Amino acid sequence: MNPSLPFFVLATLSVFSALMVVLSRKPVHSVLYLIFCFFTIGGHYLLLNAQFLFAVHIIVYAGAIMVLFLFTLMFINMNKELEPHKTNLLKVAATVAAGCLLLVMVGVTKGAEKLAAHSTRSDVGTVANLGKALYGQYLLPFELISILLLAAMVGAVLLGKKSVE
Amino acid sequence: MNTLIIIALLGVAAMMADALRFKKILLPLIVAGLLAALGFAVAAWNSNLSYYHEMVLFNNYSLAFSSLLIVVTLLWMIISKKYFSSSSNMAEHAALVLFVLTGAVIMTAFSDLSMFFVGLEILSISLYVLAASNKSELRSNEAGMKYFLMGSFATGFLLFGIALIYGTTATFNLAKIASSISISETAGNTPMFVYTGVILIMVGLLFKVSAAPFHFWAPDVYEGAPTIITAFMATVVKTAAFAAFYRLFSTCFHDLTGFWSHAMAVIAAITMLAGNILAVYQKSLKRMMAYSSIAHAGYMLMAIVAMNKISANAVFMYAAAYSVASMGMFALMQSMTDAGDESVDSLKGLSKNNKGVIVFLSALVLSMAGIPPMAGFFAKYYIFLGAIQSGYQWLTLVAVLSSLIGVYYYFRVIFVSLQDNTEGSGHTLNKGQWSLIIIASLISLAMGVLPGLLLTLSL
Amino acid sequence: MNSILQYIPLNYYVALAAILFAIGVMGVLFRRNAIIIFMCIELMLNAVNMLLTAFSTFHGDESGQVMVFFIMAVAAAEVAVGLAILVMIYNNIRTVDIDELNKLKG
Amino acid sequence: MITLLLLFVPLVASLACLLFDKAKVKVFALGTSLVNLGILAYSLTLFKSDMSYQFLVDYWWVKDLGISFKLGLDGISILLVALTNFLMPLIILSSFRNDYKNANAFYSLMLFMQFALIGVFAALDGFLFYIFWELALIPIYFICLFWGGEDRVRITLKFFIYTLTGSLLMLIGLIYVYLQTPGTHSFDINVLYSTALSSADQSWLFWCFFIAFAIKIPIFPLHSWQADTYTDSPTQGTMLLSGIMLKMGLYGLIRWMIPFLPEGLEQWGNTAMIMSIIGVVYASCMALVQKDFKRLIAYSSVAHVGLIAAGILSLTIQGMQGAMVQMLAHGVNVVGIFFIADIIFRRMKTRNLDELGGLANNTRVFTILYLIILLGSVALPLTNGFVGEFLLLNGVYQYDAWMAAFAGLTIILGAVYMLRSYQKVMLGEPHARSIEFTGLHLTEKIVLVVVALAIIVGGIYPKPILQTAGPALEDLLAQVKDIY
Amino acid sequence: MVQFAWLIPLLPLLGFIIVGVLNKRLNVAMSGGIATAAVFISFMISAFIFGEVAHEGSIPERVVLFDWISSGDLSIPFSFLIDRLSVIMLMVVTGVGTLIHLYSIGYMSHEQDHPRFFSYLNLFVFFMLLLVLGSNYIVMFVGWEGVGLCSYLLIGFWFKNIEYSNAAKKAFIMNRIGDLGLLLGVFLIYMTFGSVNFSDVFSAASSLPQNNAAVTAICLLLFVGAMGKSAQIPLYTWLPDAMAGPTPVSALIHAATMVTAGIYMVVRSNVLYALSPDASSIVAFVGIATAFFAATIGLKQNDIKKVLAYSTVSQLGYMFVALGVGAYQTALFHVITHAFFKALLFLGAGSVIHAMSGEQDIRRMGALKKVLPITHLTFLIGTLAIAGLPPFAGFFSKDEILAKVWMYSPIMFVILAITSVLTAVYMFRLYWLTFYGEFRGSEHQKSHLHESPVTMTLPLIVLAVLSAVGGFIGMPELFHAPHFLNEFLAPVIFKVSHEEASHAFEIALMSVSVVLLAVIMYATYSYYVTKKVRPEEDSDELDSFAKLLSNKYYVDEVYAALITKPLDKLAAFVYKFIDQGLIDGTVNNTGTALNGISGQLRKLQTGHIGAYIFAMVIGIITILVLTMII
C-alpha cells in the first residue's frame with residue numbers, strides 16, 4: 001500500500017464533507033456533514049501522530065460543540081428547509097469570491113520545501129509531552145483560558161437569563 | 001504582572017458579588033482595585049520583567065499602556081455608575097468589563113503569540129456579550145450578532161496567519177520568531193507563506209482596530225451597543241488593539257517592514273478618508289463618533305506604518321489623547337442616550353442649560369480635531385513627525401486633508417450646542433457626565449500644554 | 001511510529017488546510033442561516049488546527065499542539081456565547097436569518 | 001522678561017475677564033490692553049535698533065524634540081507686536097458702544113487673541129510659532145461664531161477649515177525642515193536658518209509654506225474665505241482679522257519662509273509674485289462692484305495685502321521696508337475704516353451702499369475723520385499709506401517694471417472704489433434715514449481721532465518704523481542674497 | 001531769508017488748520033481774512049526770497065527740514081529747493097493765490113460753509129507750494145497729489161449735488177492715472193540714477209548721451225503724469241467737468257496754478273527732456289493736438305466757464321508744444337501770462353455769474369457791459385490778452401511760442417496758428433455774447449444785476465493790470481529790450497536753444513496777428529451783436545459737425561463706452577462668475593461634494609453582515625494579490 005494513500009483518502013473526504021456542509025439545503029444535514037468532516041480531520045491528527053489532540057478533538061468538537069449546535073437547531077426547530085437562500089447572483093458572487101480566495105490562499109502558502117528537514121520526533125503528540133508543555137511553559141495561557149471560559153460562561157448566563165423587568 | 005492578576009481576580013470577585021451579596025460595595029471595590037493595579041503598574045516602571053517562560057513581558061511599553069487602560073477605565077467608571085446600578089445583572093456586567101480589561105492588559109504585555117491570542121479572545125468574547133447585553137433592545141442584539149460573527153470570522157484569518165508563522169519558526173515566542181525571521185531573511189530562504197502569515201495576522205488586527213475595508217462592523221456595533229459599552233469599546237478596546245498591533249509588528253515583523261508597510265500605508269490612507277468622509281453625513285452623534293473612531297484608527301496606523309523609534313510613543317500619545325477626549329464626548333453621548341435621542345440636532349439648547357459646558361466641549365472637540373493647544377494636536381504632530389521621518393509625505397498629506405474633513409463634522413457639535421432649542425428645554429447633563437467632560441477636557445489641555453510628560457517616556 | 005509527513009510533502013497539508021479554510025469562508029459567504037455560518041467558522045478554525053498540528057509534527061515541537069488545544073477551548077467558548085446570542089435573537093425576532101439583521105446601517 | 005510680560009499679561013487678563021462683573025469687564029479689558037501698551041512703550045525705549053533678537057527668553061519646552069519656548073524681538077517683530085498692542089486698546093474701545101451678550105467671554109477671547117498674536121510675532125522657535133499661529137485661530141473663530149451675523153455658522157467653518165488647510169501644510173513643511181536639521185533636531189530659528197535644504201526639497205517646501213501664508217494673507221486665488229468672514233464677523237472680530245491677523249501671513253513670509261527657502265523662492269518666487277499682483281488688481285476690481293460696505297473694504301484689504309506680499313517677494317530692501325510700513329499702516333487704516341462701517345451700520349442698520357447717502361450733511365467731525373482714513377487707505381502722500389505703497393511699488397518695480405505698472409493700477413482703482421464708497425455714504429442729498437444720523441460718541445471720537453493721527457504722523461514721520469526694521473531686514477536680505 | 005523758506009508753505013497750512021478748526025465760529029470776513037492773510041504773508045516772504053535769488057550769481061539752495069523716507073540707498077529728505085525756477089513759481093502761486101483768496105471773500109459771502117472753503121483753499125496753496133518747492137521728485141509728488149486732493153475737495157465743495165461730486169471724483173481719478181505714470185517714472189529715475197533728488201539726478205543725467213532709452217522712458221512716464229495734471233489728451237476730460245466747483249477755484253486751481261504743474265515739472269526736468277528728442281517730440285505732438293482739439297470744442301460751448309475751461313486746455317497744449325520744441329523758458333513765460341489772464345477771465349466770469357445769480361449760460365446773458373463796468377473792462381483786457389493782441393501779456397508769450405515752433409516745424413506752426421485764430425474766435429464770441437446785445441435772462445435775474453463788491457473787483461483790477469503789462473518780462477529780441485525771463489531762468493535750463501526766428505518773421509507774425517485779430521473782432525461782432533445770431537438751444541437741430549463740437553466730440557461717451565462701462569461690466573461679471581462662482585464656488589462645492597460623497601459612500605454600509613464579510617474577503621484577496629503576487 002502506498003503510505004500516502006490514507007492522506008489522500010482522508011483529504012478527499014474532508015473536502016467533500018466540508019463542501020457538503022456548505023451546500024446542503026437542510027441545516028441538519030450540514031451539521032451531520034460537519035461532524036463527519038471533524039472525524040476526517042481527527043483522522044489527520046492520527047496520521048500526524050497527535051493522539052491526544054485526536055481525543056480532545058473528538059470529545060470537544062464532535063461530542064460537545066456539535067451537540068450544542070444540534071441542540072440549538074432542534075431548539076429553534078429548524079429541521080425543515082425554512083432557510084431563505086441567497087439569490088443566485090449572490091451565490092455566484094460568493095462562489096467566485098471564495099474561489100478566488102482559494103486560489104490565492106493556495107497560491108500564497110507555498111514554500112514549505114524551504115524549511116529544514118522535518119523532525120523525526122514521534123512522541124510530540126503524547127499526553128505526557130503535551131501535559132508537560134501545558135503545565136510548564138504554557139501555564140499562564142492555560143490558566144487564562146479559565147478566565148476565558150469564565151467570561152463565556154458569565155456571558156452565556158447573562159444572555160440566556162430571563163431578564164427581570 | 002500584579003496588575004494583571006489584580007484585574008483578573010477583580011473580575012472573578014465581581015462575578016461573585018451577586019452570589020456573595022456584596023453588590024453595594026462592588027463599585028468602590030473595583031475602583032480601589034483598579035487604583036491598586038495602577039499603583040503596581042507605575043511601581044514596576046523600568047523593571048522590565050518577564051514572567052512564566054516569557055509568556056508576558058512587562059516592559060515600559062506595556063506598563064504605560066496598561067496604566068493608560070486603567071486610567072481610561074477609571075474615567076469611564078464616572079459615567080458608568082448609572083449603567084451598573086440600573087441593571088439587574090450588575091455583577092455580570094462588571095465582571096465582563098473587568099475581563100475585557102484583563103484581556104486588554106494581556107494584549108499590551110504578551111510576548112508569546114499564544115498569550116496574544118488568549119488575551120484577544122478574552123477581550124473579544126466578553127465584548128460580544130457586552131455589545132449584546134441590552135437584551136430587550138433589538139439593535140443591541142443585532143450589534144452583538146454582527147460583532148460576534150465578523151469577529152470570529154476575522155479570528156479565523158488571524159489564526160491562519162499565526163499558524164503559518166509558526167510553520168516557519170516552530171515557536172510562538174515573539175523574540176524567537178523575530179530572530180528566526182531575521183535569520184531566514186538574511187539567508188534568503190524564507191518560505192512564501194511567512195509573508196502570507198504576516199498579511200493574515202495584519203488583516204485580523206486591522207479588523208480589530210476597524211481599519212478600512214474591515215471597518216464595516218464598527219459603525220453598526222458602536223451604534224447598536226449600549227452607549228456606555230460603545231464608550232468602552234472606542235477607547236479601552238481600541239487602545240489595547242493598537243498596543244497589541246504595534247507590539248506584535250514592532251517586535252516580530254520589524255525586519256519585514258518594507259514588505260507590509262506599503263499595503264498598510266494605503267490602508268491607513270483609505271481608513272482615514274473613509275472614516276472622516278462617512279462621518280460627515282451622520283445625523284446620529286454616536287454613529288458619527290464611530291466613523292470618527294475609524295478615522296482615528298487610520299492616524300494610529302500611520303505610526304505603525306512609519307515604524308521608527310518614535311512610533312511607540314506616537315501610538316501611545318495618540319491613544320491617550322484620543323481616548324481621553326473620546327471619553328468626554330461619550331459622556332455627552334450618554335446624556336443623549338438617557339434622553340432617548342442620539343441625533344446631533346438634539347443637542348440644541350445644551351449651552352443654555354449647562355452654562356460653561358461649551359468651553360469644555362470645545363476643548364474636547366479641538367482635541368479630537370487635532371488643534372493646538374490640545375493633546376490631540378501633539379498626538380497628530382507626533383504621528384506626522386514619524387511618518388515624514390520615514391518618508392511618508394504623501395500619507396501625511398492625506399492625513400492632513402482628512403483631518404480637515406474631521407473639523408467639518410466635529411465642529412457641528414459645537415454649532416448645534418450653541419443654538420437655542422425652539423421647542424422644549426433642550427439638552428441637559430447629569431453630574432457625572434458634567435464632571436467627566438470637565439475632567440477629560442482638562443486632561444486634554446494638560447497633555448497639550450505639557451506634552452513632554454508623555455512624549456518623552458521613550459517606550 | 002512514523003507520521004504521514006514522511007511520505008507526503010508538508011505542502012500538501014498546507015494546501016489542504018487552505019482549501020478547507022476557503023470552503024469555510026465560502027460557507028460564510030454562501031449561507032444566510034446564522035447557525036450554518038457558525039459552523040463554517042468552526043470549519044475554518046479546524047483547518048487552522050490541522051495546519052498547526054501538521055507544523056507541530058513536522059517541527060517536532062509540541063507548542064503547536066498546545067495552541068490547537070487553546071483554539072479548541074476558545075472555539076467552545078465562542079460557540080457558547082454565539083449560540084446564546086443567537087437564541088436571544090431568535091427569541092426576539094423568530095428567525096436566524098442574518099439578512100434580517102439590518103436595522104443598523106448607513 | 002519684558003517679552004514674557006507682554007505675552008502673559010493678556011493671557012492672565014483673559015482668564016481674569018471670566019471672573020469679572022459684566023459691567024466692568026470692558027473697562028478691565030481696556031485697562032489691560034493699555035497696560036500692555038505701556039509695557040511695549042517701555043520696551044521700545046530699551047530696544048536697540050540692530051539686527052539681533054532682543055529681550056530673549058529661552059526655556060526648553062519639550063527638550064527631546066528640540067522644542068523650546070524661545071521668544072525674542074527684533075526690528076521686524078517688535079513693530080508687529082507694537083501694532084498689536086497699539087490696535088488692541090482701540091479695538092476694545094471701539095466695542096464700548098456695543099452691548100455684546102456674554103461680554104465676559106467676548107473680552108476674554110479678545111485678550112486671548114492678543115496673547116496668541118504676540119506669541120506669533122515673538123516666537124523664535126518654529127514649533128512655538130506654529131502653536132501660536134493655530135492658537136490665534138481659535139479665539140477669532142469663536143468670536144465670529146458667537147457674535148457673528150446671519151450666516152455665521154457656515155462662514156466661520158469655511159474660514160476655519162480654509163486657514164487650517166494652510167496651517168497643516170505648513171506643519172508638514174516645518175516637520176520636514178526640522179528633520180533636516182543636523183544632529184539632534186531642533187526647531188530653533190537659528191538652526192532652521194542654517195539648515196541646508198536641497199533645491200528639490202525647497203521647491204515643494206516653498207508651496208507648503210507659501211500656501212499657508214497665502215491663505216492667511218490672503219493672496220489670489222485663495223482669498224474666498226475672506227470677504228464672507230469679514231462681512232459676517234462682529235466688527236471687532238473683523239478688525240482683529242484684518243488689522244492684525246493678516247499680518248501673521250506676511251510676517252510668516254518674511255521670517256519663516258524667505259530665509260530658509262532661498263532656492264525655492266528662486267524657482268517659484270516669480271509665480272508667487274504674479275499671484276500676488278494679479279490679486280492686487282483683481283481684488284480692486286472686485287471692490288468696484290460691491291454693494292456691501294464691509295465687503296468692499298474686505299476686497300480692498302485683499303488688494304492692499306497682495307501688494308505687501310509682492311513687495312516682500314521682490315526681495316528688495318525698499319519692498320521689505322515698504323511691507324513693514326504698510327503692514328502697520330494697513331492695520332491702522334483698516335481698523336479705522338471698519339469702525340466707520342460699524343458706526344454707520346449701528347446707526348443706519350444697513351451696510352448697503354445704495355441705501356446710504358448724505359451723511360456729510362449731519363456730522364462734520366465724522367466726515368473729516370472718515371476722509372482722513374480714506375485718504376490713508378488710498379495712499380495719499382503725507383498719510384502712512386503713501387510711504388508704504390511708494391516703497392512697495394518701488395521694490396516691485398526693481399523686480400519687474402511691468403509688474404509694478406500693473407500693480408500700480410491699484411492706486412487708480414483704489415481711488416475709484418474708495419471715493420465711490422465715500423460718495424455713496426457721505427455725499428449727496430440727505431437720505432430719509434440719514435437725517436437721524438447723530439454725532440459721534442466720545443469713545444468713537446477717541447478711536448477715530450487716534451487712528452487719524454496715526455495716519456498722518458505715520459505719513460509725515462515714518463522714520464522710526466524704517467529705522468527699527470531696517471537693520472534686521474537688511475541682514476535677512478543679505479543672508480538670502482548670499483545663497484543666490 | 002532763504003532759510004525761512006519753510007514758512008512759505010507753513011503759513012497756508014496754519015491757515016488751513018486755524019480756519020478748519022475754528023470753522024463755524026468764524027464769519028466770512030474772518031475766515032477769508034485769515035486765509036488771505038496766510039497766503040499774502042507767504043507772498044511777501046516769497047517776494048523777499050525772490051529778491052535774494054534774483055541777485056546776480058546766486059546759487060540754488062536746499063532747505064532740508066527732516067529726513068522723511070530712507071530705505072537702503074534710497075534717501076528722501078523732506079527738503080525744499082530754492083532756485084530761480086521755484087521762486088518764480090512761488091511768486092505766481094502766492095501772488096495769484098492771494099488775489100483769488102481776496103476775491104473769494106466777496107464771492108463766497110453768501111455761502112454758509114465758507115470756512116470749509118477757505119480752509120481747503122489754503123490747503124491747496126500749501127500743497128501747491130510743496131509742489132514747486134520740493135527738492136526731489138517725491139516731495140514734488142506730495143504736492144502733486146495734494147493739489148489733486150484739494151481739487152477733488154473743492155470741485156465737490158457742494159457735495160449735496162451728486163453731479164458735482166462725480167466731477168470731483170473724475171478729476172481725482174484721472175489725475176491718479178497720470179500720477180501712476182509719474183510714480184513709475186520716479187521709480188525708473190531711482191533705478192537709473194540711484195537717487196530722486198533733482199540735483200543728483202540732473203548732474204548724473206547731464207553726462208548721459210542723447211536718446212538714452214531709460215531717459216526717454218522716464219520722460220514719457222513723467223509726461224503721463226503731466227498729461228493728467230495738465231489736462232492733455234487723452235486725460236483732459238476732467239478739467240471741463242471740474243468747473244462744477246466754485247469759480248474762484250476754477251480760477252486758482254484749474255487755470256492759474258495746479259494745471260500748470262505739469263509744465264513746471266517738465267521745465268524742472270528739462271535736463272532729461274533735452275536728452276530725449278523723441279520724448280520731446282511726443283510732448284509737442286500731444287500738446288499741439290490738445291491745443292487744437294480743445295479750441296474747436298471751445299467754439300461751441302455755451303457755458304461761460306466751460307468755454308474758459310476748454311480754452312485753458314488749449315492754452316496748456318500751447319505750453320506743452322513749447323516744452324516739446326525745447327523752449328522751456330517760453331513755456332514758463334506762457335504759464336505766467338496765462339496765470340494772469342486766465343485767472344482774470346475766470347474771476348471776471350465769476351463776477352458775471354455772481355451778478356446773474358448763478359446763471360452760467362451765455363445764451364441767457366447779454367448787455368452786461370453797463371451793469372458790470374469794471375468786470376467788463378477787465379474781462380475785455382483778459383480777452384485781448386488771450387487773443388494775443390499786442391502789447392497785452394498773452395501776445396508776447398504766444399508769439400514766442402509760435403516763433404519757436406516755426407523754427408521746429410512749419411506744419412506745426414500752421415496748426416498752432418489756426419488754433420490761435422480759433423482761440424480769438426471763441427473768446428470774442430464769449431465776450432460779445434456776454435456783454436453786448438440785449439439781456440436775455442429772466443426778469444428776476446435782471447432785477448438783481450449789480451457790480452460785484454470791492455473784494456472781488458480789486459483782484460480783477462490787479463490781474464487786469466498784470467495781464468496788460470505782464471508780457472514785458474519777456475520782450476522779444478526784436479525790441480532790443482532784455483528778455484528778463486530768459487536771462488533769469490538761464491541757470492536752471494540745461495540746454496538753451498540759440499536758434500532764434502528772424503526778425504522779419506517776427507515782424508510779419510506780429511502784424512499778421514494784429515490784422516487777423518481785428519478781422520475776427522469785427523466778424524464776430526457783426527455775427528453775434530449786429531446780426532444777433534444766438535447759439536442754438538440744446539433742443540435745436542444742429543448740423544452734424546456743430547453737434548459733434550457741442551458734444552465735445554463725444555469723448556466722455558467714448559471713454560464711458562470703452563473703459564468705464566466695460567470695466568464695471570467685467571468686474572461685475574468676474575465677481576459673479578469667477579469670484580463667487582468659480583473660486584468661492586470651488587471652495588463651497590468641496591463641502592457640498594464631500595457631503596455628496598459621504599451620502600453615496602454610506603450606501604456601502606448596507607447593514608447586511610453578508611455584504612460586510614464579502615467586502616472583507618475582497619479586501620483580503622486584494623491585499624494578498626497586491627502584496628504577494630504582484
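Just so you know, these numbers come straight off a predicted model, no measurement behind them.
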_C:Asp61 portion near chain A, given a 4.5 angstrom heavy-atom threshold_ = backbone
*Looking at CE of C:Met39 and CD1 of A:Ile35, how far apart are the two atoms once the value is rounded to the nearest 0.5 Å?*
8.5 Å
*asked:* Under 4.5 Å from any heavy atom of chain C, what part of A:Met153 do you find: side chain, backbone, both or neither?
replied: neither
*Top residue by heavy-atom pair count (under 4.5 Å) with chain A, among C:Ala17, C:Pro9, C:Ala15, C:Ala18?*
C:Ala18
*Could you label the plane-to-plane angle of the C:Phe70 and A:Phe142 rings as parallel, tilted or perpendicular, counting under 30° as parallel and over 60° as perpendicular?*
tilted
*Please state whether the side chain, the backbone, both or neither of A:Ala18 comes within less than 4.5 Å of a heavy atom of chain C.*
both
_chain C contact via A:Leu102 - side chain, backbone, both or neither, heavy atoms under 4.5 Å_ = both
*Could you tell me which portion of C:Leu20 (side chain, backbone, both or neither) has an atom closer than 4.5 angstrom to a non-hydrogen atom of chain A?*
side chain
*asked:* Report which part of C:Ile85 has an atom under 4.5 Å of a heavy atom belonging to chain A: side chain, backbone, both, or neither.
replied: both
*Check step by step if side chain to side chain contact (heavy atoms under 4.5 Å, CB included) holds for C:Leu29 and A:Leu90.*
CA-CA 9 Å; C:Leu29 290 175; A:Leu90 285 175; over 6 Å; no
*Ignoring hydrogens and angles, tell me if any N or O in the side chain of C:Tyr90 forms a donor-acceptor pair with the backbone of A:Ile76 under 3.5 Å.*
yes
*Among C:Glu62, C:Gln65, C:Met26, residue most engaged with chain A (heavy-atom pairs, under 4.5 Å)*: C:Gln65
*Specify the closest pair of heavy atoms between A:Arg25 and C:Arg31, including all atoms of both residues, with the distance to one decimal.*
O-NH2, 3.7 Å
*Considering only heavy atoms, which portion of C:Val87 lies under 4.5 Å from any heavy atom of chain A: side chain, backbone, both, or neither?*
side chain
*If you count heavy-atom pairs under 4.5 Å between each of C:Val81, C:Ile23, C:Val14 and chain A, which one has the most?*
C:Ile23
*Give a yes or no on whether the backbone of A:Leu48 and the side-chain of C:Thr57 come within a donor-acceptor separation of less than 3.5 Å.*
yes
_Pairs of heavy atoms under 4.5 Å with chain A: top-ranked of C:Leu5, C:Thr53, C:Leu10_ = C:Thr53
_Spatial distance of atom CG (A:Asn2) from atom OH (C:Tyr7) [nearest 0.5 Å]_ = 10.0 Å
*Check whether A:Val31 gets within reach of chain C through its side chain, its backbone, both or neither, counting any heavy atom under 4.5 Å.*
both
*Who wins among C:Cys40, C:Ser63, C:Gly64 for the most heavy-atom pairs under 4.5 Å with chain A?*
C:Ser63
*Say you draw a straight line from CG of C:Asn91 to CG of A:Leu159; how long is it, rounded to the nearest 0.5 Å?*
11.0 Å
*Atom CD1 in C:Ile8, atom CZ in A:Phe7: separation rounded to 0.5 Å?*
4.0 Å
*Which heavy atom of A:Phe38 sits nearest a heavy atom of C:Glu42, and at what distance?*
CZ-CB, 4.2 Å
_How about CZ on A:Phe8, more than 12 heavy atoms from neighbouring residues, nucleotides or ligands closer than 6.0 Å, or not?_
yes
*Part of C:Tyr12 lying under 4.5 Å from any heavy atom of chain A*: both
*Portion of A:Phe71 that has a non-hydrogen atom of chain C nearer than 4.5 angstrom*: neither
